[in-house]
S.K.: 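Please find one structure pasted underneath; my questions will follow.
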Amino acid sequence: MYLISELAAKVGVSRTTLLYYEKLGLLNGQKLSNGYRRYSERDMQRLVLIQQLQSAGLTLKECQSCLDVKLDKQTLVERLHQLEQDIEKKTQARQLLLGLLGERSQRDLHNQLSQSAPLEHLNWLSTQGYSEKEALRLKWLSKDMNEHDAYMKDFMEVFAPLERWGPGSQKDTLNAVSFLPKSAKNILEIGCGKGSSTLLLAEHCDAHITAIDNEPIAIEHLKRRLSQTAIGEKVSLTCASMTSLPFAASSFDAIWAEGCVYIMGMENALAQWKPLLKDNGILMVSDLVWLTDSPDEASKQFWQSEYPDMQTIATRLRQFDAMGYDIVGQFSLGREAWQNYWRPLQCRIDELASTMAASQALIDIGNEIAIYEKSAANEFTYQYFTLKLRA
Ligand SMILES: C[S@@+](CC[C@H](N)C(=O)[O-])C[C@H]1O[C@@H](n2cnc3c(N)ncnc32)[C@H](O)[C@@H]1O
């Protein structure tokens, strides 16, 4: 038997709380002739149950009904549902702390941050001393601060000699070019890479092309290519980031961004690039989109980690409309354009496999190719959207 203060100490609540429970009828101690109350082992166990039910989200009144077997099933189902959501949040919180303490894989930590707080993730990386360029690469590619430099070295070893740094084809780029008005005289190409599209734009548009990329290797390569052609003078190159473009407002009739808008996020890009366009300016963006509402589990999990903001075409169209853009034309990248990308990439992986077998970059690229091979152009694809800034 316990005195009230002993019971309070045993279950970890205050004496006042127990008196309140008495008042509510949740607890019925045996009143002694000297005015003290005594509690049995069973009272103590009842209190333990009340505490558990409270932790499950039940009010004291609901606890009482539950112990009296009078609580309706619907209330219990609702409490269970809420409890499961709370547990999920706590699990995430635990994972975050484990990650920050270095007791969990860095990749899992970066995936978690990237999915739940992408902007704060970048901000946090910059406070760890990473430049914007490296922070973005860490977020999208290496996902591991400890291995970042080695990862990027391997990654560039794979990509540096390849012409294409993303899926695409001449046919698709020219299809998108056909939506550009002839009056477009100044075009900004963002994330030009090694210039597959830059050369086509210069050749097929009566316009000056300003091409930017934040990778010096790509800019140098394109400079060399342009110097060997007659259209070279139609192109100016700048090494800059798409997140802080060094151009005055209303400088361009059109902006061209093939396969790169995900890097800063579609909604961010739609807002930040808008002031650079003249009235009724054109924005051509190609973006990875879902072609189905029920993708294969492997694709779903892969893109949840690689591009958490991947959307359906319908969602992107709603976003364009909300941001003040009208759709001029759109089409999906065909399978051949995907193969243009992954086949040379696979050959490169095969070439390097013996010397770089354990490289995480190589493993990741291999996994990406496997998903492309299986489901690209069926479950997901790049959608080319030509948009016009509403007046
Ligand atoms: C997937 S590739 C696409 C290249 C090209 N547009 C194409 O379709 O082949 C993405 C390009 O964006 C560039 N990039 C990555 N982050 C960037 C940034 N913050 N600012 C500018 N370019 C960036 C990369 O260097 C790369 O050339």
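We number each residue from 1, following the sequence as shown. Both ligands and their constituent atoms are indexed starting at 1 by order of listing.
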S.K.: Determine whether the side chain, the backbone, both or neither of Thr243 has a heavy atom under 4.0 Å from any heavy atom of ligand 1.
M.R.: neither
S.K.: State plainly whether the residues Asp364 and Arg107 are in salt-bridge range, i.e. N to O under 4.0 Å.
M.R.: yes
S.K.: Nearest to atom 15 (C) of ligand 1, what protein heavy atom do you find, and at what distance?
M.R.: Ile263 CD1, 3.2 Å
S.K.: Please confirm whether Ser286 comes under 4.0 Å of ligand 1, counting heavy atoms of the residue only.
M.R.: no
S.K.: Using only atom types and a distance under 3.5 Å, with no angle test, would you say the side chain of Ser286 pairs donor to acceptor with the backbone of Gly259?
M.R.: yes
S.K.: Do Asp206 and Lys185 meet the salt-bridge criterion of a basic N to acidic O distance under 4.0 Å?
M.R.: yes
S.K.: So if I count the atoms of ligand 1 from 1 in the order they appear, which ones are less than 4.0 Å from some heavy atom of Ala240?
M.R.: 20 (N), 21 (C)
S.K.: Is any N or O atom of Ser241, backbone or side chain, closer than 3.5 Å to an N or O atom of ligand 1?
M.R.: yes
S.K.: May I ask which of Cys239, Cys260, Ala257 has a heavy atom nearer to atom 10 (C) of ligand 1 than the others do?
M.R.: Cys260
S.K.: Measure from the side-chain N and O atoms of Asp213 to the backbone N and O of Gly193, and report whether any donor-acceptor pair falls under 3.5 Å.
M.R.: yes
S.K.: Near Leu136, which atoms of ligand 1 are under 4.0 Å from a heavy atom of that residue?
M.R.: 19 (N)
S.K.: Do Phe159 and Arg348 have side-chain heavy atoms sitting under 4.5 Å apart?
M.R.: no
S.K.: Among Asp213, Leu141, Ile219, Asn340, which one puts a heavy atom closest to atom 27 (O) of ligand 1?
M.R.: Asp213
S.K.: Is the shortest distance from a Lys or Arg side-chain nitrogen in Arg79 or Glu62 to a carboxylate oxygen in the other one below 4.0 Å?
M.R.: yes
S.K.: Is the closest side-chain heavy-atom distance between Lys143 and Gln106 below 4.5 Å?
M.R.: no
S.K.: Taking NZ, NE, NH1 and NH2 as the nitrogens, is one of them in Lys133 or Glu215 under 4.0 Å from a carboxylate oxygen of the other?
M.R.: yes
S.K.: Counting non-hydrogen protein atoms only, what is the nearest one to atom 1 (C) of ligand 1? Give residue, atom name and distance.
M.R.: Trp165 O, 3.1 Å
S.K.: For ligand 1, note which part of Asn214 has a heavy atom under 4.0 Å away: side chain, backbone, both or neither.
M.R.: both
S.K.: Identify which of Gly166, Ser196, Gly191, Ala135 has a heavy atom lying nearest to atom 4 (C) of ligand 1.
M.R.: Gly191
S.K.: Do ligand 1 and Ile190 have nitrogen or oxygen atoms that lie under 3.5 Å from each other?
M.R.: no
S.K.: Are side-chain heavy atoms of His110 and Lys139 found at a separation under 4.5 Å?
M.R.: no
S.K.: Closer than 4.0 Å to some heavy atom of Gly193 - which atoms of ligand 1 meet that?
M.R.: 27 (O)
S.K.: Considering only the protein, which heavy-atom contact is closest to atom 7 (C) of ligand 1, and what is its distance?
M.R.: Glu258 O, 4.0 Å
S.K.: Starting from atom 20 (N) of ligand 1, find the nearest protein heavy-atom neighbour and note its residue, name and distance.
M.R.: Met242 N, 2.8 Å
S.K.: Using 30° and 60° as the class limits, which term best fits the ring planes of Phe380 and Trp290: parallel, tilted or perpendicular?
M.R.: perpendicular
S.K.: Go through ligand 1 atom by atom and flag the ones less than 4.0 Å from a non-hydrogen atom of Glu215.
M.R.: 25 (O)
